[in-house]
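Down below is the structure, laid out as structure tokens.
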Amino acid sequence: MTDELVHLTRTDTADGRVATLTLDSEANRNALSRRLVTELLDHLATTDADDSVKVVVLRSAHRVFCSGADLSEATTVPMEEGARAMVEVQRRIVAHSKPVVVALAGPVRAGGIGIVAAADVVVASTAATFALTEVKLGVTPAVISLTVLPRLTDRAASLAALGGEVFDGAQAAAYGLVTTAVAPEALDGEVDRVVGALLTGASQGLAETKALLNAPLLARIDAEGEAVVALSARLFRSDAAREAVTAWFSRSR
């Protein structure tokens, strides 16, 4: 492995090539830093343009899939820049010409849930945990609402976003956030099974079917992206959010 925070590997099978994107920023639990997001966007663009790739798998090299926004960059990265980059990550996954499968073994929080929601298929361990923690920081899941809200039922969205509490893989499947939840020891096998099924599709069929399925979601992102960027930036600049973030850092030390 290189010193990249996101690794791209390719595996050839009898039915086609699988590209795997592995998040590998253990020091900050795969927080969505400028560098990680940039590398993820670059690899998504590379795999989208690679006609030999039929399926993309997104996973973590470590227990935590993604801890959300990198709050340590709050004073160095403009609010709008970070929010706009996360809109672009979701858009690029949704608009990607290949099916994107997330293999979710461990915790995912806040902004990371937008990546999960943008994917076409999500196989989660029942031991994986989720939380929309923005409400605890005096803000709202504005940017990721573009993909998260269309996945969740209305009641699940209210409970998850207003409560900000942790829920597990089985609940995430019931809410509609993930496709299926399996026992931890069965995760890799189920991911392989799902990927194998997708590989049996013809490349044109996969691309056109994904475009058909995701057209409403893509239209939502394009129509509302700038509005949620502005909302997110405004809330993160507020005194209430600054106080909540400061308190969060104090508790986490």
Flag side-chain contact, heavy atom, 4.5 Å: T140 against V135: no

For a quick test of reading the model, state the closest non-hydrogen atom pair linking V77 to G82 and the distance between them. CG1-N, 4.2 Å

How far apart are the C-alpha atoms of V6 and L8, what are their side-chain angles, what is the distance that settles it, and do they pass the side chain to side chain contact (heavy atoms under 4.5 Å, CB included) test? CA-CA 7 Å; V6 184; L8 167 59; over 6 Å; no

With rounding to the nearest 0.5 angstrom, report the OG to CD distance, S25 to E4. 12.5 Å

Out of curiosity, does V182 fall in the hydrophobic cluster containing F167 (side-chain heavy atoms, cut-off under 4.5 Å, transitive links)? no

Any salt bridge linking E165 with K136? Criterion: basic side-chain nitrogen under 4.0 Å from a carboxylate oxygen. yes

Looking only at heavy atoms, what is the nearest atom pair of C66 and N30, with distance? SG-O, 3.2 Å

Is K210 salt-bridged to D120, cutoff N-O under 4.0 Å? yes

Work out which heavy atom in G138 is nearest to a heavy atom in A244; give both atom names and the distance. N-CB, 4.1 Å

State, yes or no, whether a side-chain contact exists between F130 and I113 at a heavy-atom distance under 4.5 Å. yes

Starting at CG of D239, measure out to CZ of R237 and round the result to the nearest 0.5 Å. 13.0 Å

Look up atom OG1 in T126 and atom CD in Q171, then write down how far apart they are to the nearest 0.5 Å. 11.5 Å

Determine, for R34 against E81, whether the closest basic-nitrogen to carboxylate-oxygen distance falls under 4.0 angstrom. yes

Indicate yes or no: at least one non-hydrogen side-chain atom of V89 is less than 4.5 angstrom from one of R91. no

Counting only heavy atoms not in R63 (residues, nucleotides, ligands), do more than 12 fall under 6.0 Å from its CZ? no

What heavy-atom pair brings A110 and I144 nearest, and what distance separates the two atoms? O-CD1, 3.2 Å

Apply the test side chain to side chain contact (heavy atoms under 4.5 Å, CB included) to residues S145 and V228: give CA-CA distance (whole Å), side-chain angles for both, the deciding distance (0.1 Å), then the verdict. CA-CA 8 Å; S145 70; V228 295; 4.1 Å; yes

Note: E190-R193 ion pair, threshold 4.0 Å (strictly below): yes

Check: G205 main-chain N/O paired with T209 side-chain donor or acceptor under 3.5 Å: yes

Test: E80 and R234 ion pair at under 4.0 Å: no

Give the C-alpha distance, both sets of side-chain angles, the deciding distance and a yes or no for side chain to side chain contact (heavy atoms under 4.5 Å, CB included) between V116 and F65. CA-CA 10 Å; V116 172; F65 179 78; 4.1 Å; yes

Would you say the side chain of R109 lies within less than 4.5 Å of the side chain of V166, judging by non-hydrogen atoms? yes

Same cluster for I115 and V195 if Ile/Leu/Val/Met/Phe/Trp/Tyr side chains link at under 4.5 Å? no

Is there side-chain contact between P99 and V56, with at least one heavy-atom pair below 4.5 Å? no

Heavy-atom pair of closest approach, residues S125 and A105: CB-O, 3.8 Å

Going hydrophobic residue to hydrophobic residue with side-chain gaps under 4.5 angstrom, can you get from L177 over to M86? yes

Grouping I, L, V, M, F, W and Y whenever their side-chain heavy atoms are under 4.5 Å apart, do L198 and I93 come out in a common cluster? no

Could you measure the distance from the NE2 atom of H96 to the CG atom of L58? Nearest 0.5 Å is fine. 10.5 Å

In terms of side-chain geometry, is the basic nitrogen of R84 or E88 positioned less than 4.0 Å from the acidic oxygen of its partner? no

Salt bridge or not for D24 and R59, using N-O below 4.0 Å? no

To the nearest 0.5 Å, what is the distance between CD1 on I221 and CD on E226? 13.0 Å

Can you confirm whether more than 12 heavy atoms, excluding those of D12, are under 6.0 Å from its CG atom? yes

Sub-4.5 Å side-chain heavy-atom contact between K54 and R17: no

Path from L36 to V64 over hydrophobic side-chain contacts below 4.5 Å: no

Is it true that a side-chain atom of D48 and a backbone atom of S97 form a donor plus acceptor pair closer than 3.5 Å? yes

Under the side chain to side chain contact (heavy atoms under 4.5 Å, CB included) rule, what do V57 and L21 come out as? Steps first, then yes or no, please. CA-CA 6 Å; V57 176; L21 307 183; over 6 Å; no

Would you mind checking if D50 and K98 are paired as a salt bridge, meaning a charged N to carboxylate O distance below 4.0 Å? no

Flag the pair T22 / S60 as yes when at least one side-chain heavy-atom distance between them is below 4.5 Å, and no otherwise. no

Please round to the nearest 0.5 Å and tell me the distance separating atom OG1 of T147 and atom CG of L218. 12.0 Å

Smallest separation among heavy atoms of A124 and L187, with atom names: C-CD1, 3.9 Å

Considering only heavy atoms from C-beta outward, does the side chain of L23 approach that of L5 to under 4.5 Å? no

Would a distance-only check, ignoring hydrogens and angles, find a side-chain to backbone donor-acceptor pair under 3.5 Å from R92 to L44? no

Treating Q90 as the side-chain partner and A118 as the backbone partner, does any N or O pair qualify as donor plus acceptor under 3.5 Å? no

Should the heavy atoms of other residues, nucleotides or ligands under 6.0 Å from CZ of R29 be counted, would the total exceed 12? no

Does the side chain to side chain donor-acceptor pair (under 3.5 Å) test come out yes or no for S72 and D70, once each step is laid out? CA-CA 5 Å; S72 69; D70 189 345; 2.5 Å; yes

